[in-house]
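Notes to accompany the following structure.
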Amino acid sequence: MASRPLLRATALLTATMMLAGCVTTQAGRIGSDDGRDVCRQYLVALDSTGDYYGEDILQGAAVGALGGAVVGGLASRSWQGALIGAAVGGATGAAVGYYAALQRQARDQAGIFAQMSSDLSRENAQLDRTQVAFDQLSDCRLRTAQTVRDAVKDGRLARDVGQAQLAEIRARFQGDIQVAQRINQNITGRGAQFDSAFDNAIPGGKASVVASYRRPQPVRVAPRRAVVVKYRPDAGSADVAQINAREVVTTRPGPAGFVQVETASGVRGYAPADAFPAARGRQQAASPEGGSDVRSLAATNISRRDNFSESIGNAERLAAAGGGFELAG
């Protein structure tokens, strides 16, 4: 019979798991509306997409953790063993819970693939929504900062007032990044469940999925003219860098009419493709698109997850650099 301390530890763990599954309020996550945030609608949109990613992971982790606690505690006859078992069990439960559910629900491999295809299609669509929301929010912050800088430069706004406004915008931008990071943690957790399914259901596993598409190698080239780098592939997007003619930068394929550019400081953005004729002929499509089979959907899922993580890193570099949130000397 289990000891009382072990039973208490297991009960505490169960309660902890139940509390971990509770959903916080939106105001608790992003703060209440103070009426001064011109980008509030985009922040709300980003945060709202995050609810989706917590729906299934927590259940898998909780079941795994509870099972791990019981096994670990019974094996060691101690509450410490229960907690260690919980940590291991939680990670294992979250990783394998999705594929185990597929096996229980589907009658055969075809059924597993059909369900995975449906789930991946839905997941990829949600990842697109999250990516768009974060891009729009970040672009709004950068354009708002640019408006303040222009107003100070033109003499329409006092320098000290402009600097204070830029500091506030930068602080909000850093808060946006924290929201995106929390969402990305859940995306990563769900990704672990999909990765486990890839390893179990797809011949060759996740490694073969990644190998089935290759991001083209970056090309080091210089623009034929001075060019402004935009945050998004849109002429109306915020400026994030200026590249001089014959300044060598790293480029990758981008949407029609644009190339993705990475500056020496690591900041990424988009510039007109016609400014980089040497790069256009040497690049191909950047990501797997268009397939509806499980392998293609898995590839696009991995690509979307990577892209979102990279966009957060880019935002962090922009916030740290401070160029968009500081006045020229």
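Because only heavy atoms are used, hydrogens play no part in the values below, and waters and symmetry mates are left out as well, while side chains stay in. Because the structure is predicted, anything quoted here is derived from the model rather than measured. Each residue takes its place number in the sequence, starting with 1.
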For the pair Ser311 and Phe134, evaluate side chain to side chain contact (heavy atoms under 4.5 Å, CB included) and give the outcome as yes or no after the intermediate values. CA-CA 9 Å; Ser311 68; Phe134 184 57; 3.7 Å; yes
Interatomic spacing from [atom1] in [X] to [atom2] in [Y] - rounded to 0.5 Å:
X: Thr130; Y: Asp135; atom1: OG1; atom2: CG; result: 10.5 Å
X: Asn301; Y: Met116; atom1: CG; atom2: CE; result: 9.5 Å
X: Gln131; Y: Ile312; atom1: CD; atom2: CD1; result: 8.5 Å
X: Asn314; Y: Asn307; atom1: CG; atom2: CG; result: 11.5 Å
X: Phe194; Y: Asp199; atom1: CZ; atom2: CG; result: 13.5 Å
X: Arg268; Y: Thr251; atom1: CZ; atom2: OG1; result: 12.0 Å

Can you tell me if [X] uses its side chain to pair, donor with acceptor, with the backbone of [Y] under 3.5 Å?
X: Thr49; Y: Leu46; result: yes
X: Ser296; Y: Asp293; result: no
X: Asn244; Y: Glu247; result: no

List in chain and number order the residues that pass side chain to side chain donor-acceptor pair (under 3.5 Å) with Arg295, two or more places apart in sequence or in another chain; answer none if no residue qualifies.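 Scan of Arg295 (side chain to side chain donor-acceptor pair (under 3.5 Å), adjacent residues dropped) gives Ser208.
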Name all residues meeting the side chain to side chain donor-acceptor pair (under 3.5 Å) criterion together with Asp37; count only those two or more places apart in sequence or in a different chain, and write none if there are none.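 If we apply the side chain to side chain donor-acceptor pair (under 3.5 Å) test to Asp37, skipping adjacent residues, the hits are Arg141.
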So, for [X] and [Y], which heavy atoms are closest and what is the spacing to 0.1 Å?
X: Ala145; Y: Leu166; answer: O-CD2, 3.5 Å
X: Val261; Y: Ala271; answer: CG2-CB, 3.8 Å
X: Arg159; Y: Ala328; answer: NH2-O, 3.0 Å
X: Arg252; Y: Thr250; answer: NH1-CG2, 4.0 Å
X: Ala158; Y: Val152; answer: O-CG2, 4.1 Å
X: Ser117; Y: Val294; answer: OG-CG2, 3.1 Å

Please examine the side chains of [Y] and [X], heavy atoms only from C-beta on, and report whether any two atoms are closer than 4.5 Å.
X: Arg170; Y: Glu326; answer: yes
X: Tyr231; Y: Ser138; answer: yes
X: Val148; Y: Ile169; answer: yes
X: Gln126; Y: Tyr53; answer: yes
X: Tyr98; Y: Asn200; answer: no
X: Arg305; Y: Ile187; answer: yes
X: Lys206; Y: Ile302; answer: yes
X: Leu137; Y: Phe173; answer: no

Apply side-chain contact (heavy atoms from CB on, under 4.5 Å) to [X] and list each qualifying residue two or more places apart in sequence or on a separate chain.
X: Asp150; value: Gln146, Arg156
X: Asp234; value: Arg232, Ser237
X: Asp47; value: Gln26, Arg29, Ile30, Val179

Report yes or no: do [X] and [Y] belong to one cluster of Ile/Leu/Val/Met/Phe/Trp/Tyr joined by side chain heavy-atom distances under 4.5 Å?
X: Ile177; Y: Val132; value: no
X: Val161; Y: Leu327; value: yes
X: Val259; Y: Val219; value: yes

Electrostatic pair [X]-[Y], nearest N-O below 4.0 angstrom:
X: Arg304; Y: Glu123; answer: no
X: Arg149; Y: Asp239; answer: no
X: Asp195; Y: Arg190; answer: no
X: Asp176; Y: Arg172; answer: no

When clusters are formed from ILVMFWY side-chain contacts under 4.5 Å, directly or step by step, what else is grouped with Tyr270?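 Its cluster mates, by chain and number, are Phe258.
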Please collect all side chain to side chain donor-acceptor pair (under 3.5 Å) contacts where either partner lies in residues 101-115, sequence neighbours excluded, each pair once.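 Qualifying pairs: Gln115-Asp119.
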Apply side chain to side chain donor-acceptor pair (under 3.5 Å) to residues Asn184 and Ser309 and explain how you reach the verdict. CA-CA 7 Å; Asn184 196 42; Ser309 293; 3.1 Å; yes
Listed once per pair and sorted, the disulfide (SG to SG under 2.5 Å) pairs that draw on [range], sequence neighbours left out:
range: residues 99-165; result: Cys39-Cys140
range: residues 153-189; result: none
range: residues 96-125; result: none

Show me the donor-acceptor pairs, under 3.5 Å and distance only, between side chains in residues 316-325 and residues at least two apart or in other chains.
{"unit_1": "Glu316", "atom_1": "OE2", "unit_2": "Gln181", "atom_2": "NE2", "d": "2.5"}
{"unit_1": "Arg317", "atom_1": "NE", "unit_2": "Gly266", "atom_2": "O", "d": "2.8"}

Could you pull out all residues at least two apart from Tyr42 that satisfy ring pair (Phe, Tyr, Trp, His ring centres under 6.0 Å)? none
Would you check, one step at a time, whether the test side chain to side chain contact (heavy atoms under 4.5 Å, CB included) holds for Gln41 with Gln136? CA-CA 10 Å; Gln41 61 175 316; Gln136 289 178 331; over 6 Å; no
